[in-house]
Structures are given as structure tokens and as C-alpha cells.
Amino acid sequence: MRKYIALFLALLLFVTPLNAMAAKEENPKPVQVSELLSTLEEPACKAALVMDAGTGTVLYDFRGGEKNYPASITKIMTALLTLEAVERGELSLEQVVTVPRGFDGDLELGGTSQNLKVGEEIGVLELLYCALVASANDACNVLATAVAGDVPSFVSQMNHRSEELGLTGTHFVNAHGLHAEEHYTTAHDIAVLTRLALENETFATLVSSKNHTVPATNMTGERRFSSTNALLLPIYEGRYVYPRAIGVKTGTTNAAGKCLVSAAKKGDRTLICVVLGAEDVEDENGRRTRMVFTESKRLLEWGFDTFADRTLLDTAVPLAEVGVTLSTDMTAVAVKPQTTISAILPKDLDPAEFQRDVTLYADSVEAPVAAGQELGEVTVRNGDDVYGTVKLVAVAEAERSELLSNLKAVKDFFAKPLVRILLALLGVALILLILRFGVLGKRRTRYEGHAKGYRGRSRRKSR
């Protein structure tokens, strides 16, 4: 009987599914800290920020979230809204507009201008050159009227666009940047705005122009002017020219100090630098240094020298394996990143030493497995700095075995709760039958023995 019980227990073990999960732990790598970031001397200004234009990565942030007065850097938003109106077909660059009455209501004497006159007819593109290259305040008001009908409506558009772009530290009061207490922004917001504006080819051409000539209008002869950006052309004895510079805009008021948004290109990388609230410095010989240009050039060079575009995950390198069942081709399939992850990093950091948090959706999968099938994901980080998460996909395919598939179907059938209960009941019934017939057999044997003895005694008596 013990033999039957052992058989029954073995049957139950066979039909019970085994769902053991294997947990794989990895030794975490230490957080990497760049020593290059500590080598930069604090800039001589109120706020500064360096951003990679391609990715939007902030490379350096010195009080970048603090509110400051932007002065004529405001004109970047004025130009952007004008060019977006052109893109929507509401204006054209060749369109000639007439300078309206009252356009100079908020201008002040001594502010930069191109002496536009009421009734003067001038093209939209020429007004943009006046605003961005010559920094003309009057041109900004004429553009604002052409876009929105009047200056206050245009200023409302400026603030609405700021909200759309997430420029939470920015508020505009006018279209040109003359000082007003409630007219402010941050270095970070300016960098975000400039990054977007540089994507417009017309804007990029305008802010990189060193000189420009506006054709004669119905009321004025030719206007010739040069950029106020000393990184672009040799003003101030050429001391600040930076060959990699491609723009963007200067700004100066007594309250704002000297401000500059600059952009520079090296190879396929473009950096944006914002310097707000710098002041000129004179040495003992009375030689003046315009720190807004010196600091901008230094920060741009530091950005190019310190950072590089690095690949953190390569699609050609498998990161883990997932077990494969129901296949005779393979027992496991390698998984690799579906896409690459790259980042702008200090050059002294090694991406190979970053943490890679691999999550597999299951320890094993049933065949068939298709090449490229998503089987997990991986996150790349360096401590709390997360650089991205991508899917992990199968490197190769695995075909399904019909034999193994059929065997699994049988096993799955016997693993169903109802079937297991019936089998258990059947096993119990079998055991009871075995026990019952065993007892009856012994009783019958004893009864037959007694009967034989009785018949034997009866025959002896009859003799």
C-alpha cells in the first residue's frame, strides 16, 4: 500500500506548477563626481548660465533662477513673436508697414533708435534688423503694432508666450526693454527663449549679422549700422572678438547693468551663454575692461573645453539575458537597448561607470520570441542624476518547439485547480478502494480457512 501512496504523491507533484522567481542583484557603482566643475572661477556679474543648445542641458548655473532686469535682451521675444506671426502667414518679411502715430509713447530720450518717423514706410525684415542688430527701441514698437494692432496687446502676447514656454521667472511690460520695475526675467528663462529663437533660420541670420544697410524709405535715406556685440566684430580695439561666436543680443540700462546673450558654435555643438548685470572695470592705468564680453567668452570656452557629447548606452551591446522555454533553439536570449542614450557630460566622467538599473519583465518567456521584442527596460543614472530610460529588446528570435508545446499543454491541463482537485479525489478514492479490498481479502482468507477446518471435522465425525 505504501507503494500506491508514493505514486499518488508523485502525481500531485507533477501537476503542481513551479513558479520560482529568480532575483538578480547587481553591485551598485559609486557616484562619479567631476573635478572639472570646481575649476571655474565665479563670474563677475549678477547671474550667468551656459546651456547646450542641442539638448537644452544646463552646463553652468550661477544664480540662473534669480530675477533680473533684461534691458534690450527683451528684443529676442519681440523678434520671436514677429517671426512666429510670419510663420502663421499673418505677416511676411517683405511686407511694408507704415509707422503709426503714437508709436513712441513709451520711449525715452537717449534710448537707442533709428529715428523712425510717423508715416514712414519700411519692411518687416528691415525693422527686425533695426531691432536686433542696431538695438533700436522704436523699431520694436512698430513691429509690436504690426503684429498685434497696438503695443499693449503685443505685450500681453509676450507674457502669454512666456507662460507657454514655462518661463516662470519672466514678466514683460514693454517690447524693447527700457527699465520698468515689473519688467524682469532670469538667466535660465533667457537661455530657454534664445534656444527656441535660434531654431528659426531668419532669427539666426539676423543676430549673427555684423553690419547691415536699410534701404532708403519714403522719408529717410539709407541707414547703415553695426552690431553692438563685440564678440562678433572688432569694436573696442577688437579685444573681445570670439571667432566661434554666432550672435545673439546685447542689453544695457542703468538698472540692468551690462547684459549679453551670446551663442557660439564649435564643430556640431552650439552653446548659449547668458550674462546679466556685469559692469566695466578700469585698471590703474584707466584701461577699461568690458566684463560682459570677457566673462561671456570665458564661459563659452570653458563649456567647450569641459563638456563633450557622450554615449551612455549603445544599441550594439547586450545588457542581460532572459530565459526562453518551449524552444529547442536556445535556452536564453540576450537583450539590448532599443535606442541609444547620450548626454553632455564633463570630460572627466566615465559613462561606463554609471549605474544601469535593469528591469526584466520576467525571468523567462515562452517561445516564440521575435527579434526586437520588448522584454525589459534600463535606466541610466549617476546617483540622483537620471539620463534616461529605454526599452530592452531581444537580440535574436527563438522558434517554438511543437513537442515541448504539447507537453506543456498537458502539464497546464493537469495544473488546473479543478483537475487537481478531481485527481486528488480520485487518488483518495483509489486509496480507499485499495484499503477496502485489502481488508476484504484478508477476511475472506480467514473465512475460507475456518470453512475448510469445519468440513474436515465433519467428515471425520461421519466415519
Side-chain angles (χ1 to χ4, degrees), residues 46-53 55-58 61-88 90-91 106-107 124 127-128 131-132 135-137 139-200 202-204 206-207 247-253 255-257 259-263 272-277:
K46 294 179 181 177
L49 188 134
V50 180
M51 176 182 285
D52 178 79
T55 63
T57 303
V58 175
D61 188 339
F62 174 67
R63 303 172 185 164
E66 294 185 5
K67 294 178 181 178
N68 283 281
Y69 299 122
S72 287
I73 288 173
T74 301
K75 295 177 172 75
I76 295 174
M77 176 62 90
T78 300
L80 177 64
L81 289 184
T82 302
L83 291 170
E84 288 179 340
V86 170
E87 290 178 345
R88 293 191 300 268
E90 299 169 6
L91 289 176
D106 65 345
L107 302 182
V124 170
L127 286 169
L128 285 167
L132 292 175
S135 199
N137 297 327
C140 292
N141 280 358
V142 177
L143 286 170
T145 304
V147 172
D150 57 67
V151 173
S153 297
F154 185 80
V155 173
S156 295
Q157 290 187 15
M158 295 171 75
N159 288 317
H160 178 68
R161 192 72 175 103
S162 295
E163 292 178 3
E164 289 181 337
L165 296 175
L167 309 184
T168 57
T170 297
H171 183 261
F172 295 111
V173 171
N174 57 57
H176 39 66
L178 289 174
H179 179 66
E181 287 297 323
E182 294 303 311
H183 188 96
Y184 53 79
T185 187
T186 69
H188 180 270
D189 285 359
I190 292 170
V192 173
L193 177 64
T194 303
R195 182 185 178 220
L196 174 63
L198 284 172
E199 294 177 1
N200 185 290
T202 301
F203 180 88
L206 289 165
V207 297
V248 176
K249 188 71 192 75
T250 60
T252 303
T253 64
C259 305
L260 174 64
V261 182
S262 56
I272 296 168
C273 177
V274 181
V275 172
L276 301 179

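Numbers here simply count residues along the sequence, with the first being 1.
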Kindly say whether [Y] contributes a backbone atom to a donor-acceptor pair with the side chain of [X] at under 3.5 angstrom?
X	Y	result
Asp52	Thr57	no
Thr74	Ala71	yes
Asn159	Phe172	yes
Lys75	His176	yes

### Query
Per the side-chain contact (heavy atoms from CB on, under 4.5 Å) rule, which among Thr170, Leu165, Leu198 passes with Leu193?
Leu165
Would you compute the distance between atom [atom1] of [X] and atom [atom2] of [Y] and round it to the nearest 0.5 angstrom?
X	Y	atom1	atom2	value
Met51	His188	CE	NE2	4.5 Å
Leu132	Leu206	CG	CG	5.5 Å
Lys46	Leu276	NZ	CG	9.0 Å
Phe154	His160	CZ	NE2	13.5 Å

Could you check whether any side-chain heavy atom of [X] comes within less than 4.5 Å of a side-chain heavy atom of [Y], counting everything from C-beta outward?
X	Y	answer
Ser162	His171	no
Leu196	Arg161	yes
Leu178	His183	no
Glu87	Leu83	no
Lys249	Cys259	no
Leu49	Val58	yes
Ile73	Thr185	no
Ile76	Val207	no

Nearest heavy atoms of [X] and [Y], plus distance in Å:
X	Y	value
Pro70	Tyr184	CD-CA, 3.9 Å
Cys140	Ala131	SG-CB, 3.8 Å
Ala146	Leu91	O-CD2, 3.9 Å
His179	Thr253	N-CG2, 4.5 Å
Gly166	Asp189	O-OD1, 4.5 Å
Ala175	Thr78	O-OG1, 2.5 Å

### Summary
Paired with Asp106, the side-chain hydrogen bond (donor to acceptor under 3.5 Å, both in side chains) test is passed by just one of Asn174, Asn137, Asn141, namely Asn141
### Task
Take Leu167 and Val192 through the side chain to side chain contact (heavy atoms under 4.5 Å, CB included) test and state the conclusion after the steps.
CA-CA 8 Å; Leu167 309 184; Val192 173; 3.9 Å; yes
